[in-house]
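Everything numeric here is computed off the predicted structure, so don't read it as measured data. Position 1 is the first residue of the sequence; numbering continues from there. Keep in mind that the numbers below use all heavy atoms, side chains included, and drop hydrogens, waters and symmetry copies.
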Amino acid sequence: MSAPAVDVPIAPEVAQAAEAVPEKHYTHHDGRGPTVHRTNPVFVHRDVSHLAVAEGMNVLEIGTGSGYSGALIAHLVGPAGSVTSADINGYLTRWANLIHHRRGLTQIRCHTADGTAGYPAAAPYDRIGAWCAPPLLPKAWVDQSAEEGRIVSTLPVAPVPDLTVLAVIRVTGGRPEVEAITGGNYIDATPSPKADLELPGRWIDWETRVPDHRWVSIAWRDRDDWHHSGARATLERLSDPAHTEPAATEAPWKPLQYWAAATADPGLTVARLDGETAFGHSTPSSAAALTKGGRLIADSPNSLSLDIVRGWINGWNTAGRPARDDYTPTLTPVDGPDGAGWRLRLTW
């Protein structure tokens with residue numbers, strides 16, 4: 001896997017650790033085989049840098065994966081520190097433990113566990129790094145953080161798939177506060193190992209697998225009925241749109257998604273259609289979306305949802321085309337179907 005041509009900040013101590021830890025030994029281990037779902041090492045180095053790990057720290061890693069990121073952190077904390085790594089996939093944790101052991105690492109242990117619950121037996125932690133995306137910032141992580149501890153995790157900014165940022169969070173007096181956000185998109189945290197790595201781990205409200213695999217996610221799922229008639233109708237409307245037009249003005253994919261998320265519109269919708277992702281708006285009687293290829297599709301040229309998506313594009317352009325870092329991240333405490341914790345939202 002080649003490194004992407006992007007400019008990412010790598011801490012000098014992490015760069016030194018990367019020279020000492022054999023990446024391929026973990027990601028392509030002869031006994032275990034290649035880790036199927038793994039993060040490009042450039043982003044591993046960047047996100048471990050955000051943790052700002054120092055010698056002697058106690059660190060919780062959520063998402064063991066190949067074991068490479070845990071080995072980097074173990075190198076940074078040194079023999080005086082401690083690393084606890086949790087992953088829902090027992091195959092990965094067992095092999096990571098063996099590879100660490102054979103390299104002579106004694107300061108790291110991997111456990112098969114649901115990382116959204118943290119790992120209370122070894123708390124409190126000076127640092128918590130999550131290489132997965134939970135539905136919200138779990139209360140367990142904040143409770144298990146040491147005073148002035150740091151949490152680094154990708155978090156959703158809307159209740160639909162693939163709309164996340166990487167958040168750097170400080171915990172003071174038992175309360176989390178976002179210090180910074182940047183780009184980041186890890187696999188969804190799930191209560192069991194994922195069978196289909198291409199399918200989002202949550203918030204899929206309807207899918208069809210014949211003749212093609214299509215799915216839809218609607219943020220208004222709590223108002224849909226028990227047989228998902230709203231989600232099914234939305235997928236049908238977007239799969240066979242009665243109206244198609246090119247986006248009238250420049251509408252870059254991710255910045256527009258952040259803008260739409262910042263509106264907190266309950267009609268936010270994401271769909272996978274014929275191999276192409278679409279992002280837009282839906283109601284029980286309308287649906288419209290912008291495809292990644294730059295088309296606007298809708299159930300009608302007079303669709304209410306089409307007017308809203310056009311409004312997002314116009315609003316984003318009128319506001320000066322804000323980028324991710326132009327928004328203010330805020331955490332709101334919640335206790336609901338996705339558990340107890342804090343939801344991250346962007347405001348403009």
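Residue Arg175 places its CZ atom among 12 or fewer non-hydrogen atoms of other residues, nucleotides or ligands, all under 6.0 Å distant. In His101, the NE2 atom is not crowded: 12 or fewer heavy atoms of neighbouring residues, nucleotides or ligands sit closer than 6.0 Å.
Counting heavy atoms from C-beta outward, Ile169 and Val142 have side chains that stay 4.5 Å or more apart. Taking 4.5 Å as the limit, some side-chain heavy atom of Arg46 sits within range of a side-chain heavy atom of Pro9.
A donor atom on one side chain and an acceptor atom on the other are not found under 3.5 Å apart for Thr190 and Asp188. At a cut-off of 3.5 Å, with distance as the only test, a side-chain donor of Thr172 or Glu148 sits close to an acceptor on the other residue.
Ring pair Trp253/Phe279 is perpendicular by interplanar angle, where above 60° counts as perpendicular and below 30° as parallel. Taking the six-membered ring for Trp and thresholds of 30 and 60 degrees, Tyr26 and His100 have ring planes inclined between 30 and 60 degrees apart.
Of the inter-residue distances, the one linking Ile313 atom CD1 with Thr318 atom OG1 reads 11.5 Å to the nearest 0.5 angstrom. Summarising the geometry, atom OG1 belonging to Thr234 is positioned 9.0 Å from atom CG belonging to Asp299; distances are rounded to the nearest 0.5 Å.
Contact detail for Pro301 and Leu306: the closest heavy-atom pair is O-CD2, 3.7 Å.
Ion pairing of Glu207 with Arg209 is present here, as a side-chain N (NZ or NE/NH1/NH2) and a carboxylate O approach within less than 4.0 Å. A salt bridge links Glu276 with Arg295: the distance from a Lys NZ or Arg NE/NH1/NH2 to an Asp or Glu carboxylate oxygen falls below 4.0 Å. Salt bridge status for Glu177 with Arg170: absent, with no side-chain N to carboxylate O gap under 4.0 Å. Under the 4.0 Å criterion applied to side-chain N and carboxylate O atoms, Arg150 and Asp126 are not assigned as salt-bridge partners.
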